[in-house]
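Report on the following structure.
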Amino acid sequence: MGNTRFISKAFLFSLSIIVILSSTTYSQQNKNLNQIKSTTYLSEKFELGPGEVLAKGIEDIEFPSGHIGVKSFDVDLVDEQGNSVPLYETYIHHWFAIRYHLNKDKNMSHDIYDHSKPFGGPDYKRNDGTCNTWILPHYWGLGSESRGTSSKLPDPFAVELGNPANITEGWEEKWLFSIMVIDTRGTEDRKSCSECRCDQFNLPENFYNETKDIHGKPLSHEYKGGIFCCQNYFQCKLKNGFQAPYRKLALRYTITWIDWDQHQIPVRFYVLDSTDRVIINGSEVIHDCQAEYTIPENNSIDLVHVQKASIPMKKGGYLIYGTAHMHTGVVNATLYGQDGRILCTSTPRYGTGNEAGNEKGYAVGIYGTYMYFYLADRLPHTT
């Protein structure tokens, strides 16, 4: 595909999830009779009080077994009664689904700090994108827009998982959630709290001197907001006298899949970051992905801030699906080809009511031309 330009307008912590087809051909003459299956799971419960942040990993989540092709992966945040929780009570900052392999030998240690046993994992299997170190290693992942964004892949495409040929003997494939949710009940400023503005949190003493930034250096005092101010169990400022009970929440997620057969076409995930500042050093391409940025103060008539990145791609393919992870305030996000063509655009839908999935003023879904774009030299053909 050559270079792509990813442009987002006025939003933080932006990323694009792009699924790109490997070089496989398919004839629609072969009718797929394989039945699509669907299961809804519930993650382990976690407890939150008013104003608290929960940022953690949930390992070994339930997942369909065997050699399968995943067609969709959708997530909701629910309470103990199974009711969807409104964003103005608990904000879904982000959730990521990350794949890893683990040694099945019980004598192996899975703790990197346990030197009493041989180390047996986990071995993280990241996506094929350009920012897939510890910053953006996931496959599926969204935030507040999760309930209103479909992840369904069209036939005959699917995400191939559990292929025994790709799993080392004695190891097994597993999944984890990396999540950040923020309880904003009773907070002084819900929106600023949900966007991790540092001045809205009761930060620890010497926070800036003791916290390391993305490069391992002391966090700058110019850092005004972001994930470093939303660490696990950090506390957002509450209104005087506000009290509410702790409550237990969980992620409810639905996966649809199909048993893998010769009729499926595998797709690959590419996660692109609008903060990526690419440096070309001879034949080496260096990516400097920050995953978040601060929108500068703007007192001009033009109130729209534009964030751009130009990202070279090593492989070509068919663009099957693309969308962007968005926070409140975003106007849209567009992916361009090297020749300037618009490949796909994600436009947020903002809520207008009080019910979960339609919370007024929040980005609650994505619509527009982001779904099912086929851009390639060759497409599945009919005979």
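Atoms considered below: every heavy atom in the structure, side chains included; atoms not considered: hydrogens, waters and symmetry mates.
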Do S84 and D76 get their side chains close enough for a donor-acceptor pair, meaning under 3.5 Å? yes

Residue N209 excluded, over 12 heavy atoms near CG under 6.0 Å: yes

A quick test of your reading: do over 12 heavy atoms of other residues, nucleotides or ligands sit less than 6.0 Å from NZ of K360? no

Keeping S346 on the side-chain end and A324 on the backbone end, is there a donor-acceptor pair under 3.5 Å? yes

So that I can confirm a possible disulfide, could you see if the SG-SG distance for C196 and C229 falls below 2.5 Å? no

Is it the case that atom NZ in K212 sees more than 12 heavy atoms from other parts of the structure closer than 6.0 Å? yes

Do H327 and E195 meet the criterion of a side-chain donor-acceptor pair at a distance under 3.5 Å? yes

Will you find, in the side chains of S72 and S151, an N or O donor that is under 3.5 Å from an N or O acceptor? no

Using a distance-only test with no angle check, is there a side-chain donor-acceptor pair under 3.5 angstrom linking H67 and E160? yes

Within 6.0 Å of CD in Q243, more than 12 heavy atoms from elsewhere: no

Go through the side-chain N and O atoms of T345 and T334 and say whether any donor and acceptor fall under 3.5 Å apart. yes

If you measure from the Lys or Arg side-chain nitrogens to the Asp or Glu carboxylate oxygens, is any gap between K45 and E80 under 4.0 Å? no

Going through the checks in order, is the salt bridge (Lys or Arg N to Asp or Glu O under 4.0 Å) test met by E173 and R99? CA-CA 7 Å; E173 189 168 89; R99 183 167 65 110; 2.8 Å; yes

Indicate yes or no: at least one non-hydrogen side-chain atom of L203 is less than 4.5 angstrom from one of C198. yes

Check for me whether the distance between the ring centres of Y223 and Y208 falls short of 6.0 Å. no

Side-chain donor/acceptor of N281 to backbone N/O of E284, under 3.5 Å: no

Examine distances only and state if a side-chain atom of S146 and a backbone atom of G143 form a donor-acceptor pair shorter than 3.5 Å. yes

Tell me, please, whether Y91 has K191 positioned over its six-membered ring: NZ or CZ under 6.0 Å from the ring centre and within 45 degrees of its axis? no

Please check this pair: side chain of Y350 against backbone of N358, looking for a donor-acceptor N/O pair closer than 3.5 Å. no

State which residues pass ring-ring contact (aromatic ring centres under 6.0 Å, His included) with W175; sequence neighbours excluded, sorted by chain then number. F63, Y139, W140

